[in-house]
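Atom set for the values below is all heavy atoms of this structure, side chains included, hydrogens, waters and symmetry mates excluded. In this chain, numbering begins with 1 at the start of the sequence shown. Just so you know, these numbers come straight off a predicted model, no measurement behind them.
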Amino acid sequence: MKKERNAALDVMKGIGILAMIAGHTGISSGLVGFVFVWHMPLFFLVAGYFFRPQSVAEAWKKNFRTLLIPYLLTATAMFVLCAGYSALGRDRNITNAFVAVFVGAGSRGVPVWGEYTIGAIWFLPAMFWCRIIYNHISIRISDKYKCGG
C-alpha cells in the first residue's frame, strides 16, 4: 500500500523555500528580519517531524554522509577561495577563514572570527548536531512526549 503524502508538510516546506529565497535576494531590510526569524526554524521543525530514532553508529554515519560531507566540501572550496584572495594580496585572513569554517560562521560582524563567513550553509553542521543530540536523547527517553519536551 502506497503511503500518502501530507500536503500540509509539503506546503510548509514550500513556504520555507520561498521565504529562504526571498530573504537572500535583498528584499527590504524589515522583511528580511521578519523572514529570518522563522524560515530556518520552520525547516528544523519539519525535519523533526520526519525524525526516526536510529542506532548511534547509524545516526553518525548517515548524518555525516548527508550533512557534513556536503558542508566540508563547500567550506573547503570557500577556504581555498579565501586563500587565493589572500595570495593575491587581497584583504583576507586565513586564520579567520579557518575558524569560520570550523564553527560554521554564517553571518558577518561576529568579532570572534572577523569578517570571513561561510554563508548560508551554516545550517548543515547545525542540523547535524541537532540530529545527533536528539537521537541520543530519544534513545534514552522512550516516551516521545517527554523526549520532545
Side-chain angles (χ1 to χ4, degrees), residues 1-27 29-83 92-149:
M1 182 165 117
K2 185 178 177 184
K3 286 187 177 183
E4 298 221 8
R5 292 181 67 90
N6 186 329
L9 291 171
D10 288 339
V11 168
M12 286 193 297
K13 289 189 286 186
I15 289 170
I17 289 167
L18 293 173
M20 189 260 320
I21 292 168
H24 288 91
T25 57
I27 58 177
S29 61
L31 195 52
V32 166
F34 170 71
V35 168
F36 280 8
V37 166
W38 60 268
H39 81 291
M40 288 311 294
L42 177 65
F43 281 119
F44 277 72
L45 286 171
V46 171
Y49 179 81
F50 293 105
F51 176 82
R52 300 292 176 263
Q54 304 170 318
S55 72
V56 172
E58 186 180 346
W60 275 87
K61 181 179 176 183
K62 178 184 174 195
N63 289 302
F64 185 84
R65 182 177 34 85
T66 60
L67 295 169
L68 284 190
I69 288 178
Y71 173 75
L72 292 171
L73 291 173
T74 305
T76 300
M78 296 176 86
F79 183 77
V80 168
L81 271 168
C82 181
R92 291 289 187 171
N93 184 320
I94 299 293
T95 304
N96 286 352
F98 180 76
V99 172
V101 165
F102 182 74
V103 299
S107 62
R108 296 198 180 281
V110 182
V112 174
W113 44 81
E115 289 299 311
Y116 182 78
T117 64
I118 57 159
I121 63 166
W122 64 268
F123 73 90
L124 291 172
M127 180 65 86
F128 173 82
W129 287 112
C130 284
R131 285 182 176 178
I132 293 298
I133 291 168
Y134 190 73
N135 191 63
H136 282 289
I137 292 169
S138 68
I139 289 171
R140 284 158 183 68
I141 301 174
S142 60
D143 183 346
K144 68 178 179 180
Y145 297 108
K146 287 180 185 176
C147 191

* Asked: Can you name the residues that form a side chain to side chain donor-acceptor pair (under 3.5 Å) with Asp10, not counting sequence neighbours?
  -> Arg5
* Give the minimum heavy-atom separation between Ala19 and His39, together with the two atoms involved. => CB-CB, 3.9 Å
* Asked: CG of Asn135 to CD1 of Ile139: how many Å apart, nearest 0.5 Å?
  -> 4.0 Å
* Structure fact -> The reported gap from CH2 in Trp60 to CG in Leu68 (rounded to nearest 0.5 angstrom) is 8.0 Å
* **Contact check, side chains of Leu67 and Arg131, non-hydrogen atoms, under 4.5 Å** => yes
* Structure fact -> Interatomic distance, OH@Tyr49 vs CG@Asn6, rounded to 0.5 Å, equals 5.0 Å
* Structure fact -> So CG of Asn63 and CE of Met127: to nearest 0.5 Å the spacing works out to 9.0 Å
* Asked: Taking the six-membered ring for Trp, is the centroid-to-centroid distance between Phe43 and Phe123 below 6.0 Å?
  -> no
* To do: Please examine the side chains of Trp38 and Ile15, heavy atoms only from C-beta on, and report whether any two atoms are closer than 4.5 Å.
  => yes
* To do: With rounding to the nearest 0.5 Å, note down the distance linking OG in Ser55 to NZ in Lys62.
  => 11.5 Å
* **Nearest-0.5 Å distance, CG of residue Leu9 to CE of residue Met12** => 4.5 Å
